[in-house]
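Chain naming here is simple, since letters A, B, ... match the order of the sequence lines and numbering starts at 1 in each. Values reported hereafter were calculated over all heavy atoms of this structure, with side chains retained and with hydrogens, waters and symmetry mates removed.
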2 protein chains.
Amino acid sequence: MTVLKDVSGGVALWRQIVDAIRLDIVGGKLAAGDRLPTEAVLAERFSANRHTVRRALAVLAEEGVVGAEQGRGTFVRNAKRLSYPIGKRTRFREGLKGQVEDFSTIRLGHRLENASAAAAKALGIRAGAKVVRVEGLTSADGVPMSRSTTWLDYRRFADFGEQLEQLKSFTKAFESYGIADYSRASTRISSRHADIEETKLLKLVPGAIVLVSEAVDVDAGGTPISYALSRFPAERMELVV
Amino acid sequence: MTVLKDVSGGVALWRQIVDAIRLDIVGGKLAAGDRLPTEAVLAERFSANRHTVRRALAVLAEEGVVGAEQGRGTFVRNAKRLSYPIGKRTRFREGLKGQVEDFSTIRLGHRLENASAAAAKALGIRAGAKVVRVEGLTSADGVPMSRSTTWLDYRRFADFGEQLEQLKSFTKAFESYGIADYSRASTRISSRHADIEETKLLKLVPGAIVLVSEAVDVDAGGTPISYALSRFPAERMELVV
DNA sequence: TAAATTTGTCTAATGTACTAGACAACTACT
DNA sequence: AGTAGTTGTCTAGTACATTAGACAAATTTA
């Protein structure tokens, strides 16, 4: 007679073990170079079979977080999580300066569309009004760190997409519209599982968690200029207020 | 429109559909009273079988988020997500004022322990030094909203646990130590799957996501007084900066 | 009333998740 | 060299996840 485990909540045990071990690593309980507990001990700790633990370790090995060595044990390879500071003057690049060497943003295109209720409210325009929508993907040291979608009022920023592709920077694109400075009016932070597109672009294992930030930036006069929805891999980033 | 369908990432398809639909509801795409798309349409959208969609809807019905009516359709019952503002003067109760009717905090006890590296760093003491650890669970209108653990320097707040049980409020307990005012020095926000204890206390389905906030509060002189680790159910709360 | 639409229930088949036990391959220590 | 400890691989069985099709039951529309 098999003893039934706690009802599955739709998240496989091996995936929960992946999350738990990674949390110990990025949280500092285990440092780079440390040896993890043996598979047998981990199986005991998580009330799981050794094979299930092995599956979790295989995923972490795939990600480069740990590495197994036959006869010796399994060791922590790579540790830390980036910190992204959020405040009045929030700039993605500057915020991560000092934490990463290389930085690159891929523009995934832009198009016109009608404002959703949320976008309209954030930008202070009526729902359905024309807005410019810009898609982007930012990587640090070759690792994808942020998938972002930004909406801007078409009446003021008709060619923003083109400007951005040329100038390669939001700050500079805003300057081309005469906005010398801008600041963060509000940031809403929530969290959910990554969808399939995010999983692919952010190079996540399916089922990974993303931190979602909804940010409204305003110009010097306090007028909303952009509404941005950014998704960060929770395993690679934390937000600091 | 969210598209899912990832193979075998350890998160069951029905659970991803639960998350996606709930996101549409708490995100405002669907308001209370609205009829959801039919099961057939949802199955099409998520590239899933109707049975799989039905399982997801059953979970949401269990949570009270939606309700199905035979022959008519499935309707949104309960909508919103609470917003918890984070700033210089962050107070849990005040932050949620106006959003909830009733408010209750259960103290889950307190004890002495030796400071972890993270706690020590936050409080500006040496690792291993004695700290007071306080556990709590806060509910709004009967729904658990926050599971928190707070650490304080033992040398300054030896009897904090007792004070808190008597005074029922962090603000008042701090006052009893002569701290008339305090403010938020920093908040780190991350996200992960809920562990077993959190799942139970916060009344979550296993596999749910929690937003994790690590906060350091300081007194008027800028000296750290508390380090708090709070876990919020991502499906019920968002953080606003 | 009849037809169309929508949710509710049943049976069945296939692949994934998890458990269980056994043994091989490799490393470190005595 | 021998032994204990650890990871790697194999087989096999049970429960869960997902798909598929069919029909019943309730509601709305024509």
Side-chain angles (χ1 to χ4, degrees), chain A residues 1-21 30 33-62 65-77 193 196 199 205-208, chain B residues 3-21 30 33-62 65-77 193 196 205-207:
Chain A
M1 180 92 71
T2 318
V3 177
L4 295 178
K5 277 210 101 75
D6 212 37
V7 212
S8 159
V11 179
L13 184 52
W14 64 263
R15 170 142 255 310
Q16 298 180 50
I17 296 174
V18 166
D19 290 341
I21 294 177
L30 290 166
D34 283 2
R35 204 188 82 170
L36 273 70
T38 67
E39 292 171 351
V41 171
L42 288 171
E44 173 80 11
R45 172 185 306 174
F46 294 115
S47 305
N49 191 273
R50 186 177 148 231
H51 293 292
T52 308
V53 170
R54 280 179 61 72
R55 175 154 191 188
L57 290 174
V59 171
L60 289 168
E62 181 83 16
V65 177
V66 305
E69 296 175 29
Q70 187 166 357
R72 298 193 63 218
T74 306
F75 298 82
V76 177
R77 289 239 185 289
H193 284 125
I196 183 69
T199 303
V205 281
Chain B
V3 182
L4 305 171
K5 195 62 176 190
D6 66 42
V7 243
S8 178
V11 180
L13 184 51
W14 63 262
R15 173 144 250 306
Q16 298 179 56
I17 296 174
V18 166
D19 290 342
I21 294 177
L30 291 166
D34 283 4
R35 207 189 78 172
L36 273 70
T38 68
E39 294 172 351
V41 170
L42 288 171
E44 172 80 10
R45 172 187 305 174
F46 294 120
S47 304
N49 191 274
R50 187 179 147 228
H51 294 291
T52 308
V53 170
R54 279 179 62 73
R55 173 150 193 191
L57 291 174
V59 171
L60 289 168
E62 181 83 18
V65 177
V66 304
E69 297 176 30
Q70 188 168 357
R72 299 193 63 218
T74 307
F75 299 81
V76 178
R77 289 238 184 291
H193 283 126
I196 293 170
V205 282

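Note on Thr38(A): every side-chain N or O is 4.0 Å or more away from OP1 and OP2 of dG5(D). Within the structure, a side-chain polar atom (N or O) of Thr74(B) is placed less than 4.0 Å from OP1 or OP2 of dT7(C).
Here the C1' atom of nucleotide dT9(C) and the CG atom of Leu57(B) are 16 Å apart, to the nearest Å. Straight-line distance from the CG atom of Asn49(A) to the C1' atom of dA12(D): 13 Å, rounded to whole Å. Trp14(A) places its CH2 atom 17 Å from the C1' atom of dT19(C), with the value rounded to the nearest Å. As a whole-Å value, the separation of Glu39(A) CD from dA20(C) C1' is 15 Å. In this structure, the CG atom of Leu36(B) is 16 Å from the C1' atom of dT5(C), given to the nearest Å. Counting to the nearest Å, the P atom of dC23(C) and the CZ atom of Arg54(A) are 18 Å from each other. As rounded to whole Å, 16 Å separates atom C1' of dT7(D) from atom CG of Leu60(A). Atom pair Arg15(A):CZ and dC18(C):P shows a separation of 12 Å (rounding to whole Å applied).
Of the residues near DNA chain C, Arg50(B) and Thr52(A), the one whose nearest nucleotide (by heavy atom distance) lies more toward the 5' end is Arg50(B).
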Got a list of side-chain donor-acceptor pairs under 3.5 Å for residues 34-42 of chain B, not counting sequence neighbours?
{"unit_1": "Asp34(B)", "atom_1": "OD2", "unit_2": "Ala31(B)", "atom_2": "N", "d": "3.0"}
{"unit_1": "Arg35(B)", "atom_1": "NH1", "unit_2": "Arg72(B)", "atom_2": "O", "d": "3.2"}
{"unit_1": "Thr38(B)", "atom_1": "OG1", "unit_2": "Val41(B)", "atom_2": "N", "d": "3.2"}
{"unit_1": "Glu39(B)", "atom_1": "OE1", "unit_2": "Arg50(B)", "atom_2": "NE", "d": "2.7"}
{"unit_1": "Glu39(B)", "atom_1": "OE1", "unit_2": "Arg50(B)", "atom_2": "NH2", "d": "3.1"}
{"unit_1": "Glu39(B)", "atom_1": "OE2", "unit_2": "Arg54(B)", "atom_2": "NH1", "d": "2.8"}

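Annotation: the span from Arg55(B) atom CZ to Leu13(B) atom CG amounts to 11.0 Å, rounded to 0.5 Å.
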What's touching nucleotides 27-30 of chain C from the protein side, N or O pairs under 3.5 Å?
{"unit_1": "dA28(C)", "atom_1": "OP1", "unit_2": "Arg72(A)", "atom_2": "NE", "d": "3.0"}

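Closest to the His51(A) side chain, of the nucleotides dT19(C), dC18(C), dG8(D), is dT19(C). Side-chain proximity of Arg55(B) to dA17(D), dT18(D), dT19(C): nearest is dA17(D).
Closest non-hydrogen pair, Val11(A) versus Gln16(A), comes out as O-NE2, 2.9 Å. In terms of heavy atoms, Ala56(A) sits closest to Trp14(A) at CB-O, 3.4 Å. Of all heavy-atom pairs between Asn49(B) and Ala43(B), the closest is C-CB, 4.0 Å.
Surrounding CD of Glu44(A) are at most 12 heavy atoms belonging to other residues, nucleotides or ligands under 6.0 Å away.
The closest side-chain heavy-atom distance from Ile21(B) to Leu57(B) is below 4.5 Å.
Comparing the start and finish of the helix from dT1(C)-dA30(D) to dT30(C)-dA1(D), five pairs each, the helix axis swings through 30°, to the nearest 10 degrees.
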